[in-house]
Number of protein chains: 2
Amino acid sequence: MEERQARTAFAALSQETRLRIVRLLVQAGPEGMAAGAIAEAVEVSPSNVSFHLKDLEHAGMIVPRREARSIIYSADFTGLRDLIAFLMKDCCAGHPEICAPALAAAQCKPSTGKKKARA
Amino acid sequence: MEERQARTAFAALSQETRLRIVRLLVQAGPEGMAAGAIAEAVEVSPSNVSFHLKDLEHAGMIVPRREARSIIYSADFTGLRDLIAFLMKDCCAGHPEICAPALAAAQCKPSTGKKKARA
DNA sequence: TCCTCATTTCAATGATTATTGAATTGTAGG
DNA sequence: CCTACAATTCAATAATCATTGAAATGAGGA
């Protein structure tokens with residue numbers, strides 16, 4: 001991932017409404033949510049949510065698709081993954097001791113709420 | 001990591017000069033660099049670098065220490081790790097298939113530039 | 001103490017960014 | 001074709017952020 005693209009993504013995630021949208025859409029999964037539903041969920045005006053959705057799309061954090069009269073947005077997991085990779089490449093370059101704890105802290109592997117933590 | 005703190009960190013990293021400073025300090029390692037040296041490296045005025053350094057410190061991305069007449073800044077690896085964890089927790093929540101590729105993309109384990117990729 | 005160097009603080013300016021409400025585009029159904 | 005609805009675009013305003021240069025702080029050395 002290019003530095004410029006990474007900065008755009010960081011800027012996108014630095015805004016309260018936009019970060020809430022991303023988290024909402026990550027929760028929603030590939031199914032996604034209509035712009036109107038997102039606006040309602042995060043409690044902002046339609047025109048304002050549209051503004052932020054466009055910014056997030058431009059930043060590669062979400063992806064839109066049309067469905068009847070609605071436009072459905074879903075999280076762009078590839079973009080999110082690339083951003084994480086960018087950050088890790090930076091701070092793990094010569095500092096692998098940082099990565100491992102990050103993974104643990106993210107609880108990436110343990111199945112959340114399930115019985116067994118690992119195979 | 002709190003959402004507010006994460007947003008502050010994202011905002012800090014979204015600015016060109018500040019991102020360059022962070023990458024520079026990650027490269028520099030725990031030894032760190034003096035404010036003046038940083039200013040010279042990223043080619044901005046002393047007062048401007050001071051402005052950005054303060055912002056990065058506030059965001060928990062760097063940490064200062066005094067040494068004789070200089071103030072030495074170094075990357076805050078804990079803060080960086082926490083930010084990565086925040087991002088991963090968000091996008092890996094129920095989507096572990098994203099994490100693994102992120103790690104690979106970050107080339108977290110392979111020793112960069114060395115002969116052997118793995119033990 | 002006096003002088004110098006390293007850095008920060010301050011106030012002012014310019015540049016981005018967020019928010020609002022009205023007007024517009026595009027889709028579907030009667 | 002006309003109406004209703006979903007979402008976006010647009011222009012204006014308010015708010016936040018970045019940059020600059022001058023002045024202040026603080027640590028050492030002569």
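All values below come from the heavy atoms of this structure, side chains included, with hydrogens, waters and symmetry mates left out. Chain A is the first sequence line, chain B the second, and so forth, proteins listed ahead of strands; every chain is numbered from 1.
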Min side-chain heavy-atom separation A:Gln15-B:Arg7 under 4.5 Å: no

Distance in angstrom units between A:Arg7 CZ and C:dT16 P, rounded: 13 Å

Letter per nucleotide, 5' to 3', of nucleotides 24-30 of chain D [B base touched, S only sugar-phosphate touched, - untouched; heavy atoms, 4.0 Å]: ---BS--

side-chain N/O B:Tyr73 vs C:dT8 OP1/OP2, d < 4.0 Å: yes

Any donor-acceptor N/O pair, B:Arg18 side chain to B:Ala12 backbone, under 3.5 Å: yes

Touch class at under 4.0 angstrom, heavy-atom based, for A:Ala11 against every strand present: nothing

Contact list for DNA chain C against residues 35-48 of chain B - heavy-atom distance below 4.0 Å: B:Ala35, B:Gly36, B:Pro46, B:Ser47

Between D:dA7 (P) and A:Ile71 (CD1): distance, integer Å: 7 Å

Cationic N near anionic O, under 4.0 Å, B:Arg65 to B:Glu67: yes

Side chain B:Ser50, main chain B:Ser47, donor-acceptor under 3.5 Å: no

Atom-to-atom span, CG of B:Asp55 to P of D:dA18 - whole angstrom: 6 Å

side-chain contact (heavy atoms from CB on, under 4.5 Å) between A:Ser74 and A:Val63, worked out: CA-CA 5 Å; A:Ser74 36; A:Val63 58; 3.9 Å; yes

B:Arg4 atom CZ, neighbour heavy-atom count above 12 within 6.0 Å: no

Separation of C:dT16 P from B:Arg18 CZ (nearest whole Å): 15 Å

Over 12 non-hydrogen atoms of neighbours within 6.0 angstrom of CD in B:Glu40: no

Side-chain heavy atoms of B:Ile21 within contact of B:Tyr73, under 4.5 Å: no

For atom CZ of B:Arg65 and atom P of C:dT7, their distance in whole Å: 13 Å

Spacing of CG belonging to A:Leu87 relative to CZ belonging to B:Phe86, to within rounding of 0.5 Å: 12.5 Å

Below 4.0 Å: OP1/OP2 of C:dT9 and any side-chain N or O of B:Lys54: yes

Sugar-phosphate only, base, or nothing, as touched by B:Ser70 at under 4.0 Å among non-hydrogen atoms: sugar-phosphate

N/O (side chain, B:Gln15) to phosphate O (OP1/OP2, D:dT19) under 4.0 Å: yes

Residue among B:Leu80, B:Asp55, B:Leu53 satisfying side chain to side chain contact (heavy atoms under 4.5 Å, CB included) with B:Ile62: B:Leu53

5' priority, DNA chain D, between A:Leu53 and B:Thr17 [closest heavy atom]: A:Leu53

Side-chain N,O (B:His52) to OP1/OP2 (D:dT19) below 4.0 Å: yes

Atom-to-atom span, CG of A:Leu13 to C1' of C:dT17 - whole angstrom: 16 Å

Heavy-atom side-chain contact between A:Glu57 and A:Pro64 under 4.5 Å: yes

Would you list the protein and nucleotides 11-16 of chain D atom pairs, both N or O, that sit under 3.5 Å from each other?
none

Whole angstrom value for the distance that separates P of C:dA22 from CZ of A:Phe51: 19 Å

Heavy-atom side-chain proximity of A:Arg20 to B:Glu3 below 4.5 angstrom: yes

Rounded distance in Å - NE2 (B:His58) to P (C:dT8): 16 Å

